[in-house]
S.K.: 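One structure is given below, represented as structure tokens, and several questions about it will come after.
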Amino acid sequence: MPISISITRYSSFLIALKTPDCSLKRLLLFSTFSSVAAEKFLTHLQKDESNVEKNLDSVSAKLDSRCITQVLERCAIDKPKLGVRFFIWAALHPTYRHTSYMYEKACKLLDVERNPQVITDVIDEYRAEGFVVSVKMFKVVLSLCRAAKDANLGLWVLRKMKEFNCRPDTVSYNVVIRLLIEKARLDEAMGLIREMGLIDLYPDMVTYVSIIKGFCDAGRLEDAVGLVKVMKGHGCVPNAVVYSTLLDGMCKHVSLEMALEFLGTMEKENGESKPNVVTYTTMIKGFVEKGRAMEALKVLDRMDSSGIKPNTVTFVAILDGFCKEGHLEEAYKLIDKFSGDELQYDELYSMLVMSLLRAGKHKESEKTFRMMLARGMRPSGLASSRIIKSVISEGRVLDGFILFDALKKSGELPAIDSDVYSVLLAGLCEENHFTEAAKLIHIMVEGKLQIKSSHTEKIIKHLNISGENDLASSVSSIKR
DNA sequence: GGTAGTGCCG
């Protein structure tokens with residue numbers, strides 16, 4: 001591989017194999033070259049490891065998610081702690097904000113779930129250096145714990161805050177409470193809520209929703225209802241979120257009839273406590289989950305008379321129910337009735353295609369998809385991807401390609417998963433449909449679409465053996 | 001400021 005030895009701006013190492021015992025097998029893929037910004041940050045990060053944040057402050061480079069990912073990818077190889085410090089520093093940067101997606105990505109790259117010590121080590125490092133850690137920084141660390149779903153780590157960090165003379169606020173507590181609840185550690189969560197009172201913090205709406213949901217999920221409806229009373233007693237007026245959570249618990253653990261009755265009392269409320277689209281969707285899901293999709297229709301009518309418009313989630317719930325219970329005619333009727341200003345025929349039919357697939361009705365789903373194409377509708381990228389994949393997995397590669405080609409001919413291609421392209425291309429080549437393969441490659445080149453280089457090796461080998469050398473080199477040109 | 005309830009995607 002005579003590539004890139006001379007390239008100094010290397011980086012963006014992708015660790016393809018993550019198990020710790022195969023560090024030698026780490027594949028260094030020069031997929032995307034790191035940005036100048038990432039290089040600058042990396043240089044300053046490694047300059048003087050005892051003054052990390054100060055060094056970073058002096059860097060003048062644009063901070064964005066791509067650049068952060070690149071820095072983390074590099075740090076993950078042998079300096080995960082520096083990666084954590086960089087991530088925390090970046091969160092406080094005035095021109096940048098991490099999304100929840102970035103928190104998850106950082107956790108994955110730095111492997112916090114398997115190696116929580118990387119977090120505790122960083123906190124201990126701050127302490128040893130006498131670094132002043134703010135509440136804001138601790139909240140970033142707590143969000144990392146949340147992304148890693150590590151309740152013990154969250155608890156540890158919350159305790160550490162005192163040592164840094166940081167007073168956790170309600171949000172800090174809420175994050176840890178939610179983590180405990182996700183692990184069904186309800187008593188400990190209640191303990192933290194009590195502890196809040198001792199330092200003059202009060203549980204807020206978010207705290208109550210979390211713990212009420214915890215009790216509902218555990219089937220402890222009486223406790224959940226008791227908490228609603230407690231919050232009212234504290235002057236915290238329950239809103240639609242609180243009541244929807246309770247309604248969900250009733251659907252799952254008591255009865256749909258009681259939930260309906262409760263919905264009725266909500267409908268008589270005013271302002272923030274009135275049912276909204278989520279409340280009605282929860283009720284609809286309740287019916288669907290108990291195999292009573294037809295009755296969900298009545299809820300839809302009730303929603304309409306309250307002036308609440310159903311959204312995508314509402315439709316997915318009902319369509320899922322109809323498909324599972326075999327009420328296809330009802331599904332079509334529903335779509336006819338509701339397609340209009342909010343949601344188009346295309347979107348609703350695409351949802352139906354997805355619902356049919358989820359219900360295991362692949363034939364019906366493909367039929368609906370073909371009907372869409374025949375009537376000039378535009379299926380969503382997701383529906384198209386799933387249908388083509390499903391057809392290929394049944395061993396009908398050529399059919400999959402014909403569907404793809406029909407989509408292409410009907411106008412602009414929807415956003416299809418990149419792995420659909422690689423699966424389709426591999427299938428066509430394997431079955432020696434070289435004309436179609438060439439057509440697909442042509443479309444990909446035209447649309448600047450690339451497939452993972454790891455997927456191309458077998459294809460190229462097969463093409464070379466078959467004497468299709470031109471095609472083989474075309475495939476090389478679209479690998480990423 | 002970005003932690004909560006239906007659910008999908010990044």
Side-chain angles (χ1 to χ4, degrees), chain A residues 65-66 69 91-92 97-105 108 135-136 138-140 142-147 154 158 168-182 189 192-193 196 201 203-217 224 227-228 231 236 238-252 259 263 266 272-289 296 299-300 303 308-321 347 350-351 354-355 357-358 380-383 385-386 414-418:
Chain A
S65 57
R66 188 173 154 254
T69 306
L92 301 189
R97 190 109 261 147
H98 290 312
T99 57
S100 62
Y101 174 67
M102 275 308 286
Y103 276 101
E104 279 167 38
K105 194 156 191 179
K108 229 175 256 161
V135 179
K136 261 191 182 173
F138 269 113
K139 289 210 263 192
V140 176
L142 285 171
S143 294
L144 275 171
C145 301
R146 172 159 155 48
L158 191 70
D169 57 6
T170 303
V171 174
S172 314
Y173 270 97
N174 283 347
V175 172
V176 182
I177 286 168
R178 166 82 194 253
L179 272 170
L180 287 168
I181 289 167
E182 277 171 358
L192 279 190
I193 293 176
M196 289 170 81
L201 285 176
D204 62 6
M205 198 74 84
V206 176
T207 324
Y208 282 117
V209 169
S210 303
I211 190 75
I212 287 169
K213 179 171 163 52
F215 280 127
C216 283
D217 287 348
L227 275 163
V228 174
M231 69 186 287
C236 190
N239 63 11
V241 181
V242 173
Y243 287 141
S244 303
T245 307
L246 215 51
L247 186 91
D248 185 49
M250 291 178 192
C251 288
K252 285 181 178 138
L263 183 63
M266 279 182 80
E272 297 292 293
S273 320
K274 282 172 76 157
N276 60 21
V277 59
V278 179
T279 320
Y280 285 109
T281 303
T282 302
M283 189 71 238
I284 287 170
K285 276 182 72 77
F287 276 109
V288 167
E289 274 158 23
V299 182
L300 203 61
M303 202 171 168
I308 308 281
K309 290 243 181 299
N311 63 17
T312 319
V313 187
T314 320
F315 285 116
V316 168
I318 299 205
L319 291 175
D320 269 350
E347 296 171 83
S350 295
M351 286 181 218
M354 296 295 296
S355 288
L357 280 180
R358 274 194 294 270
S380 68
L382 192 63
S385 304
R386 295 291 158 84
I416 289 175
D417 278 1
S418 67

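Source: prediction; values computed, not measured.
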S.K.: Quiz question: by atom type and distance under 3.5 Å, do the side chains of A:Asp248 and A:Thr245 form a donor-acceptor pair?
M.R.: no

S.K.: Could you work out which one of B:dG10, B:dG5, B:dG2 sits closest to the side chain of A:Arg97?
M.R.: B:dG2

S.K.: Let's see if you can work this out: which of B:dC9, B:dG10, B:dG5 has an atom nearest to the side-chain heavy atoms of A:Ser244?
M.R.: B:dG5

S.K.: Pick the nucleotide of DNA chain B nearest each of A:Val206 and A:Tyr101; which residue has the one closer to the 5' end?
M.R.: A:Val206

S.K.: Just how far, in rounded Å, is P of B:dG2 from CG of A:Leu144?
M.R.: 14 Å

S.K.: Send over the distance from A:Met354 CE to B:dG7 P, rounded to a whole Å.
M.R.: 15 Å

S.K.: Which listed nucleotide (B:dT3, B:dG10, B:dT6) is nearest to the side chain of A:Thr281?
M.R.: B:dT6

S.K.: Taking OP1 and OP2 of B:dG5, is either one under 4.0 Å from a side-chain nitrogen or oxygen of A:Lys285?
M.R.: no

S.K.: Looking at A:Lys136, I'd like to know whether one of its side-chain N or O atoms comes within less than 4.0 Å of OP1 or OP2 on B:dG1.
M.R.: yes

S.K.: Quickly work out the A:His98 NE2 to B:dG1 C1' distance and round it to whole Å.
M.R.: 15 Å

S.K.: Mark yes or no for whether A:Asn239, through its side chain, and A:Val242, through its backbone, hold a donor-acceptor pair below 3.5 Å.
M.R.: yes

S.K.: To the nearest 0.5 Å, how far apart are CE in A:Met354 and OG in A:Ser350?
M.R.: 9.0 Å

S.K.: Between B:dT6, B:dG10, B:dC9, which one does the side chain of A:Arg386 approach most closely?
M.R.: B:dC9

S.K.: Does any donor-acceptor pair link the side chain of A:Asn239 with the base of B:dG5 at a separation under 3.5 Å?
M.R.: no

S.K.: Once rounded to the nearest 0.5 Å, what's the spacing between atom CZ of A:Arg97 and atom CG of A:Leu92?
M.R.: 7.5 Å

S.K.: Rounded to the nearest Å, what distance is computed from the CE atom of residue A:Met283 to the P atom of nucleotide B:dT6?
M.R.: 15 Å

S.K.: Roughly, in whole Å, what's the span from CG in A:Leu92 to P in B:dG2?
M.R.: 10 Å

S.K.: Mapping A:Asp417 and A:Val171 to their closest nucleotides on DNA chain B, which lands nearer the 5' end?
M.R.: A:Val171

S.K.: If you look at every strand shown and take non-hydrogen atoms under 4.0 Å, does A:Lys213 touch a base, only sugar-phosphate, or nothing?
M.R.: sugar-phosphate

S.K.: When the distance from CE of A:Met351 to C1' of B:dT6 is rounded to whole Å, what number comes out?
M.R.: 13 Å

S.K.: I'd like to know if the side chain of A:Ser385 and the backbone of A:Asp417 have a donor-acceptor N/O pair within less than 3.5 Å.
M.R.: yes

S.K.: If you check the A:Val313 side chain, which of B:dT3, B:dG10, B:dT6 turns out closest?
M.R.: B:dT6

S.K.: Could you tell me the separation between the CG atom of A:Leu300 and the CD1 atom of A:Ile284, rounded to the nearest 0.5 Å?
M.R.: 5.0 Å

S.K.: Using atom NZ of A:Lys105 as one end and atom P of B:dC9 as the other, report the distance to the nearest whole Å.
M.R.: 16 Å

S.K.: Take atom CZ of A:Phe138 and atom C1' of B:dT3, then tell me their distance rounded to the nearest Å.
M.R.: 18 Å

S.K.: As a test of reading the structure: which of B:dG10, B:dT6, B:dT3 is closest to the side chain of A:Val278, going by heavy atoms?
M.R.: B:dT6

S.K.: Side-chain N or O of A:Arg146 versus OP1/OP2 of B:dG2: is the shortest distance under 4.0 Å?
M.R.: no

